[in-house]
Amino acid sequence: MTRIAFIGLGNMGGGMAANQAKAGREVMAFDLSAAALEKARGAGCTPAASVAEAVKTADAVITMLPAGPHVRQVYAEQVLPNAPKSALLIDCSTIDVESARAVAKQAKDQGFRFADAPVSGGTAAAEAGSLAFMVGCDEADFAAVEETIQPMSRATIRAGDHGAGQAAKICNNMVLGISMIGVCEAFALAEKLGLDGERFFEIASKSSGQCWSLTSYCPWPGPVPTAPSNRGYEGGFATAMMLKDLKLAQEAAAKAGAATPLGSTAEGLYALFDRLGGGGKDFSAILELLRGKAPAA
Ligand code: NAD
């Protein structure tokens with residue numbers, strides 16, 4: 001039986017580890033939170049006392065941690081000194097490209113195979129096993145990465161070498177953040193011009209304004225019943241998470257010398273909305289800011 005060490009059992013990792021157990025794999029799980037560990041036990045995982053214990057006999061190590069510093073620390077201090085060299089190491093956290101490449105280099109220098117494999121899709125997709133994975137790894141390792149990820153995935157795509165998965169993730173989410181603001185500005189203007197929101201949706205969704213933010217995730221309540229706008233912008237993809245990804249994109253752009261003026265403006269607007277108390281709302285609630293309203297409590 002494949003032995004998976006799963007580190008980081010939060011909103012995303014909890015569901016992902018459960019799907020590995022459901023697929024019949026032996027999952028040794030660790031998190032700093034005792035409550036998360038208990039939940040993992042209930043989902044068929046075996047709680048470990050430490051990262052070191054979780055990884056020591058693993059065929060594959062999967063990490064789902066908050067940010068770059070956590071990933072750097074957990075790999076340098078716990079995973080690399082304790083996992084068998086044969087273990088395939090996969091970090092699914094969303095982190096900066098530089099940290100992903102640094103951890104990959106450390107791992108490779110010590111004889112490990114490593115992949116950065118951030119995900120698209122929220123907690124519902126993590127629970128359903130239907131996340132999309134963007135993978136940065138050596139080409140020779142991709143088949144093994146894909147096979148390990150399979151119980152958690154609806155699509156796994158190799159973006160390129162180490163760091164390319166993280167690059168794909170932040171570029172994709174920069175498109176998403178910018179396009180959502182564009183759609184929200186259009187609804188705010190339509191409203192001021194006396195144009196009915198539903199009618200505008202009907203027209204724009206069949207015209208050149210059509211995009212995912214409009215037709216799959218419409219920020220105006222009504223036209224897309226599954227969108228968070230119909231439930232007070234609760235659930236979905238939190239503004240604070242979008243802000244994290246836009247910051248990563250801006251840091252990467254500054255280091256790479258890329259011009260991303262709309263990405264920078266989007267970061268500023270989400271930061272303002274976050275400061276006004278909208279951080280926990282779905283990111284499409286930025287419509288409220290553009291309509292001149294404070295985020296609803
Ligand atoms: P979370 O805060 O709910 O979970 C992170 C978990 O890591 C926590 O349970 C925490 O206790 C644990 N942790 C932190 N340091 C640790 C350590 N040293 N050892 C063991 N466990 C440790 O976050 P999340 O929502 O699950 O997100 C995880 C990652 O996935 C982030 O990088 C996030 O950007 C990314 N992501 C999240 C979503 C989403 O919708 N929530 C979507 C896509 C990607």
Side-chain angles (χ1 to χ4, degrees), residues 5-19 27-41 43 45 47-55 58 61-83 89-97 99-100 103 116-135 149 152-155 165-166 168-174 176-177 217 228 233-249 251 270 279-284:
F6 206 110
I7 316 299
L9 307 163
N11 293 323
M12 296 293 289
M16 293 163 70
N19 282 319
V27 182
M28 284 287 275
F30 181 72
D31 194 291
L32 296 175
S33 150
L37 271 178
E38 268 320 296
K39 205 169 163 204
R41 189 200 298 276
C45 305
S50 62
V51 174
E53 186 187 294
V55 304
V61 176
I62 301 175
T63 45
M64 193 55 167
L65 296 164
H70 306 84
V71 173
R72 282 183 187 255
Q73 190 187 10
V74 165
Y75 275 89
E77 294 176 13
Q78 291 156 303
V79 175
L80 300 182
N82 293 296
L89 312 179
I90 305 176
D91 178 42
C92 298
S93 327
T94 302
I95 66 170
D96 56 292
V97 175
S99 290
V103 173
D116 50 291
V119 304
S120 178
T123 51
E127 270 164 37
S130 59
L131 294 164
F133 288 77
M134 312 161 203
V135 182
I149 280 172
M152 314 183 289
S153 162
R154 76 176 150 79
Q166 299 295 350
K169 167 81 185 173
I170 57 174
C171 289
N172 179 73
N173 279 19
M174 189 172 77
L176 180 61
Y217 218 77
Y233 302 99
E234 295 303 329
F237 185 47
T239 291
M241 289 283 192
M242 173 53 86
L243 183 56
K244 174 193 167 189
D245 292 354
L246 289 171
K247 280 182 194 298
L248 289 175
E251 280 166 30
Y270 284 111
K281 297 264 173 195
D282 180 76
F283 77 113
S284 63

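Order of listing sets the numbers, starting from 1, for every ligand and every atom in it. Positions are given from 1, in the same order as the sequence printed here. A quick note: this is a predicted structure, and the numbers were derived from the prediction, not measured.
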Give the residue and atom name of whichever protein heavy atom lies nearest to [atom], and the separation in Å to one decimal.
atom                    : answer
atom 12 (C) of ligand 1 : Asp31 OD2, 3.3 Å
atom 34 (O) of ligand 1 : Lys244 NZ, 2.8 Å
atom 3 (O) of ligand 1  : Asn11 N, 2.9 Å
atom 4 (O) of ligand 1  : Gly10 CA, 3.3 Å
atom 30 (O) of ligand 1 : Met64 CE, 3.0 Å
atom 27 (O) of ligand 1 : Met12 CG, 3.9 Å
atom 18 (N) of ligand 1 : Val74 CG2, 3.4 Å

### Query
Taking heavy atoms and a distance under 4.0 Å, where does Thr94 meet ligand 1: side chain, backbone, both or neither?
both
#### Entry: ligand 1 contact on Met241 by region, counting heavy-atom pairs under 4.0 Å
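Just the side chain.
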### Query
Mind checking whether His70 and Ser93 have side chains closer than 4.5 Å, heavy atoms only?
no
### Min side-chain heavy-atom separation Met16-Phe6 under 4.5 Å
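Yes, at least one pair of side-chain atoms sits under 4.5 Å.
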### Task
Could you list which atoms of ligand 1 come closer than 4.0 Å to a heavy atom of Gly122?
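This gives 40 (O) as the contact atoms.
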### Message
For atom 22 (C) of ligand 1, which of the options Val119, Ile7, Leu65 provides the nearest non-hydrogen atom?
### Response
Leu65
### Proximity winner for atom 17 (C) of ligand 1, if only heavy atoms of Leu32, Thr123, Val71 are counted
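Going through Leu32, Thr123, Val71 one by one, Leu32 has the nearest heavy atom to atom 17 (C) of ligand 1.
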Are any of the N/O atoms on [X], whether in the backbone or the side chain, positioned under 3.5 angstrom from an N/O atom of ligand 1?
X      : result
Ser93  : no
Lys169 : no
His70  : no
Asp245 : no

### Query
Does at least one non-hydrogen atom of Pro66 fall below 4.0 angstrom from an atom of ligand 1?
yes
### Query
Is it true that Gly121 lies under 4.0 Å from ligand 1, counting heavy atoms only?
yes
### Query
In terms of ring plane angle, is the pair Phe283 and Tyr270 parallel, tilted or perpendicular, where the classes change at 30° and 60°?
tilted
### Shortest non-hydrogen contact between Ala40 and Leu9, atoms and distance
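Ala40 and Leu9 have their closest heavy atoms at CB-CD1, 3.9 Å.
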### Query
So among Leu32, Asp31, Ile7, which one has a side chain to side chain contact (heavy atoms under 4.5 Å, CB included) with Val51?
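Single pass found, and it is Ile7.
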### Passing option when Thr94 is tested against Met12, Met64, Met241, Gln166 for side chain to side chain contact (heavy atoms under 4.5 Å, CB included)
Gln166
May I ask you to decide if [Y]'s main-chain N or O and [X]'s side chain share a donor-acceptor pair within less than 3.5 Å?
X      : Y      : value
Lys169 : Val119 : yes
Asn11  : Thr123 : no
Asn82  : Gln78  : yes
Asn19  : Ala126 : yes

### Message
Could you check whether Tyr217 and Asp282, counting side-chain N and O atoms only, form a donor-acceptor pair closer than 3.5 Å?
### Response
yes
